[in-house]
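Notes follow the structure.
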Protein chains: 2
Amino acid sequence: MDLTARTAEKIGEALRRTRKARGWTQSDISARTNLRVATISSLENGDAGAKLATVLAVMAALGLEFRLVERGGSLEIEDIF
Amino acid sequence: MDLTARTAEKIGEALRRTRKARGWTQSDISARTNLRVATISSLENGDAGAKLATVLAVMAALGLEFRLVERGGSLEIEDIF
DNA sequence: CTACTTTTTACGCCATGGCGTAACAATCGA
DNA sequence: TCGATTGTTACGCCATGGCGTAAAAAGTAG
């Protein structure tokens, strides 16, 4: 699980994929973040208008963090192994 | 340039650092994104209420992209070299 | 097909982001 | 030190996110 994203859609997909990988429902995330299920849904569907705080809360609940990397960026871990 | 962030503050710092590294002013970013200088300033200062679209626009202007990685995650590139 | 779970969408409401514009503060070069 | 560039903050305005609540739609197990 390690996803690159330049768009809200990609971020949404990454969040949903990670959530599913955890075997969690949007309701689970809701409980862990105090965000409504509807908000989680909107975010996973690529709402670019979502607040940064919302994204960060969901990411924290999923145990994820952002890494800001140069586009077309540096050495990939896959390039080594 | 490769920064990890779990908070709006960290993201703001990363954006500012990258912008400086490019030798650009907030006005330059403003021109490339159609966001006001004030908005860039707010974002760089860690506004968690900023919209995802705003963050993505600035990142695109800086040639950055997000990578969603597991927290305390996998092997760091620094661990290898 | 049916019942249950999960996700999506809607309505009214309040809070706030980002806009234009502008002034103020801070940083920097000569 | 001073003028100029860069960055921060403010005001009024409009648009919209996220809230509570609720219902509809989609997905899943039996």
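Numbers restart at 1 for each chain; the letters A, B, ... are given by sequence-line order, proteins then strands.
- From B:Ile11, atom CD1 reaches atom CZ of B:Arg16 across 14.0 Å, with rounding to the nearest 0.5 Å.
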List the steps, then state whether salt bridge (charged side-chain N to carboxylate O under 4.0 Å, His left out) holds for A:Arg6 with B:Glu65. CA-CA 5 Å; A:Arg6 300 176 193 180; B:Glu65 65 189 5; 2.6 Å; yes
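- Using a distance-only test at 3.5 Å, with no hydrogens or angles considered, a donor-acceptor pair links the side chain of A:Asp28 to the main chain of A:Thr25.
- Taking only side-chain atoms of A:Val37, from C-beta outward, the nucleotide of C:dT8, D:dT8, D:dA10 with the closest atom is C:dT8.
- D:dG17 atom P lies 15 Å from atom CG of A:Leu52, rounded to whole Å.
- Look at CD1 on B:Ile29: it is 13 Å from C1' on D:dT6, rounded to the nearest Å.
- Terminal axes of the helix from C:dC1-D:dG30 to C:dA30-D:dT1 (five pairs each, C1' rotation axis) are separated by 70°, to the nearest 10°.
- Going from atom NZ of A:Lys51 over to atom P of C:dG18 covers 10 Å, rounded to whole Å.
- Side chain of B:Ser41, nearest nucleotide from C:dG18, C:dT8, D:dT8: D:dT8.
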When every nucleotide of nucleotides 23-29 of chain C is labelled 5' to 3' by its protein contacts under 4.0 Å (heavy atoms), B for base, S for sugar-phosphate only, - for none, what sequence of letters results? -------
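- Protein atom CZ of A:Arg36 is 16 Å distant from nucleotide atom P of C:dC14, rounded to whole Å.
- Comparing atom distances between the A:Lys20 side chain and each of C:dT7, C:dT9, C:dG20 picks out C:dT7 as nearest.
- The same ILVMFWY cluster, assembled from side-chain heavy atoms under 4.5 Å apart, contains both B:Leu43 and B:Trp24.
- Between the base of C:dT7 and the side chain of A:Arg16 there is no donor-acceptor pair shorter than 3.5 Å.
- Going from atom CD1 of A:Ile40 over to atom P of D:dG18 covers 10 Å, rounded to whole Å.
- Side-chain proximity of A:Thr25 to C:dT8, C:dG18, C:dT7: nearest is C:dT7.
- Nearest to the side chain of A:Thr39, among D:dC19, C:dG18, D:dG17, sits D:dC19.
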Verdict with supporting geometry, B:Leu15 and B:Met59, side-chain contact (heavy atoms from CB on, under 4.5 Å): CA-CA 7 Å; B:Leu15 295 180; B:Met59 297 217 359; 3.8 Å; yes
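- Backbone-only contact: B:Asn34 has heavy atoms under 4.0 Å from sugar-phosphate atoms and none from a base.
- For the residue pair A:Leu68 and B:Ala5, the shortest heavy atom distance occurs at CD1-CB, 4.3 Å.
- Using a 4.0 Å heavy-atom cutoff across all strands shown, A:Ser42 reaches no nucleic acid atom at all.
- Taking OG from A:Ser27 and CZ from A:Arg32, the interatomic distance works out to 10.0 Å, rounded to the nearest 0.5 Å.
- Atom CD of A:Glu44 is separated from atom P of D:dG18 by 13 Å (rounded to the nearest Å).
- Of the candidate nucleotides C:dT7, D:dT9, C:dG18, D:dT9 has the atom nearest to the side chain of B:Ala38.
- Atom C1' of nucleotide C:dG17 and atom CG of A:Asp47 are separated by 13 Å, given to the nearest angstrom.
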